[in-house]
Amino acid sequence: MAATTAPPVFIPAATLHSLISHKSLIGHLKSTLPSLSAAIQSPLRHAHQITPDSSFLLMPSWSTSPLLPYIGTKLVTHIPGNSARSLPGVHAIFVLFHSLTGQPLASMDATALTLYRTACVSALASSYLSREGAEVLVMVGAGTLAPHLIKAHLTVRSKLKRVIVWNRSAEKARDLVDRLKEERDSEGVCFEASECLSAALAVGDVISCATNAEVALVKGAEMKAGAHLDLVGSFKPEMRECDEEAVRRGRVFVDNEMAAVEAGELVMMKDEIVGGLVELIKGEKVGRMSEDEITVFKSVGSAVVDLLSAQMVYENYLASSRQSSN
């Protein structure tokens, strides 16, 4: 991308939704992660305690490749008390600069960006690790990430025809199911809420978890042969969404090496990790090896994927603006 003298733009969530889809971002990450991830520098995220209950996080990254001439950082605030104000507990923005000139290019809603990139990373891993004939998706959790994960997994596994949603609050699970049923792009898929997680796990071909659980919800003994377990929620050693049996039963892959340090499911079981997402895409590691094998994918997020996702949003924005002006 050539240097520009144009003023920086702001891309709100509504515009971002029009610029990318789960399918397009999955394709973008699949094509760019193998060739560009080594050129992206991403120091450890900065976490600062603002008050005893609130924090400010920074996730910087920059590219040394001329094919990706960007510097970027995600800025995140975590204010749990916002629930009492009817506001989200997490707000985020991503700021993009030109790596050659240092010029600010854009800022964008990173709450929406993070939802897309997180779900698409999980689905990309599932395309290598879940069974091609998978028919039942179990969604553990019904928060803001859950519909993105569901849509992304449906994108890579076309034979999924049944989606079961479980949440600690059965009402939240039912509300999500009702919203999904209303969406036209999910025709041909049966959505249902379950109040019994064990029963759902017993039939799940793909089990996706996005919770803040500190006590394991998914029991390895309850998973069927051939299941794929997608773990998204935990990002601290004291958090865990599955028990040790689930990890032991499966071949475990991660989105990046920090999962072994940050994910409660893996901090004591690092030796169970077989490989990473980039190795799967490059073919350096074999994904699913049999129909009966259990696979596990754990993601904790990375600034590398943030930068690649922001690249797609910004470049699509530029292309859309050019078309509008013609």
Side-chain angles (χ1 to χ4, degrees), residues 23 26-27 29-35 37-38 118-140 149-150 152-164 200-210 216-234 240-260 263 265-300 302 305:
K23 182 178 181 179
I26 291 167
L29 295 177
K30 183 176 181 178
S31 64
T32 57
L33 272 170
S35 58
S37 58
T118 304
C120 290
V121 164
S122 284
L124 180 54
S126 177
S127 70
Y128 294 93
L129 297 175
S130 64
R131 291 189 301 108
E132 289 188 14
E135 296 181 348
V136 181
L137 168 64
V138 176
M139 184 68 237
V140 183
L149 283 163
I150 290 169
H153 280 293
L154 288 174
T155 296
V156 300
R157 284 290 174 250
S158 61
K159 294 182 181 179
L160 286 171
K161 298 302 179 187
R162 183 184 179 196
V163 176
I164 304 171
L201 294 176
V203 297
D205 296 309
V206 178
I207 302 163
S208 186
C209 303
L217 296 170
V218 175
K219 307 295 194 298
E222 296 176 341
M223 293 167 57
K224 63 185 280 189
H228 170 60
L229 177 59
D230 170 43
L231 302 168
V232 178
S234 70
R240 65 194 67 237
E241 296 185 294
C242 74
D243 63 6
E244 292 183 358
E245 180 64 14
V247 176
R248 275 195 293 264
R249 288 189 70 190
R251 290 178 65 240
V252 181
F253 292 83
V254 296
D255 64 334
N256 67 83
E257 66 276 4
M258 290 307 297
E265 300 92 347
L266 299 178
V267 288
M268 301 300 291
M269 304 185 74
K270 297 180 178 66
D271 292 343
E272 298 291 335
I273 299 173
V274 174
L277 178 59
V278 172
E279 292 174 306
L280 280 173
I281 300 172
K282 288 183 173 182
E284 295 172 354
K285 296 287 184 178
V286 177
R288 173 166 291 274
M289 300 179 72
S290 73
E291 287 290 295
D292 292 336
E293 179 183 54
I294 288 177
T295 55
V296 178
F297 179 71
K298 173 58 197 165
S299 66
V300 292
S302 75
V305 178

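- The side-chain contact (heavy atoms from CB on, under 4.5 Å) check on V203 picks up V136, R162, I164, with sequence neighbours excluded.
- Nearest approach of A263 to K298, heavy atoms of both residues: CB-CE, 3.5 Å.
- Between L201 and I207 the shortest side-chain heavy-atom distance falls below 4.5 Å.
- For the atom pair CG of L129 and CG of L124, the computed distance is 9.5 Å after rounding to the nearest 0.5 Å.
- Rounded to the nearest 0.5 angstrom, C120 SG and K30 NZ are separated by 13.5 Å.
- Closest non-hydrogen pair, A210 versus L149, comes out as CB-CD1, 3.7 Å.
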**Request:** List the steps, then state whether side-chain contact (heavy atoms from CB on, under 4.5 Å) holds for V247 with V252.
**Result:** CA-CA 7 Å; V247 176; V252 181; 3.9 Å; yes

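- In this structure, the side chains of I294 and L229 stay at 4.5 Å or more apart for every pair of heavy atoms.
- For the pair A123 and A152, the tightest heavy-atom approach, listed with the atom from each and the gap, is CB-O, 3.4 Å.
- Using modelled atom types, one finds no donor on one side chain facing an acceptor on the other under 3.5 Å when comparing R157 with S126.
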Side-chain donor/acceptor pairs under 3.5 Å, residues 266-281, sequence neighbours excluded:
{"unit_1": "K270", "atom_1": "NZ", "unit_2": "V267", "atom_2": "O", "d": "2.6"}
{"unit_1": "E279", "atom_1": "OE1", "unit_2": "G276", "atom_2": "N", "d": "2.7"}

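- Closest approach of E265 to E241, counting heavy atoms only: OE2-N, 2.7 Å.
- A search for side chain to side chain donor-acceptor pair (under 3.5 Å) contacts involving T118 returns nothing, not counting sequence neighbours.
- Among residues at least two apart or in separate chains, salt bridge (charged side-chain N to carboxylate O under 4.0 Å, His left out) pairs with a member in residues 280-295 are R131-E291, R251-E293.
- Between S234 and V300, the shortest heavy-atom contact is O-CG1, 4.0 Å.
- Using a 4.5 Å cut-off on side-chain heavy atoms (C-beta onward), F297 and D255 make contact.
- Residue pairs meeting the side chain to side chain donor-acceptor pair (under 3.5 Å) criterion with at least one member in residues 219-229, sequence neighbours excluded, are S198-E222, D205-K224, H228-T295.
- In this structure, the separation between NZ on K161 and CG on L154 is 9.0 Å, given to the nearest 0.5 Å.
- In this view, R248 and E244, E245 satisfy the salt bridge (Lys or Arg N to Asp or Glu O under 4.0 Å) rule, not counting sequence neighbours.
- The shortest heavy-atom contact between S130 and V206 is CB-CG2, 3.8 Å.
- The shortest side-chain heavy-atom distance between C209 and L217 does not fall under the 4.5 Å cut-off.
- Under the side chain to side chain donor-acceptor pair (under 3.5 Å) criterion, S208 pairs with D230, not counting sequence neighbours.
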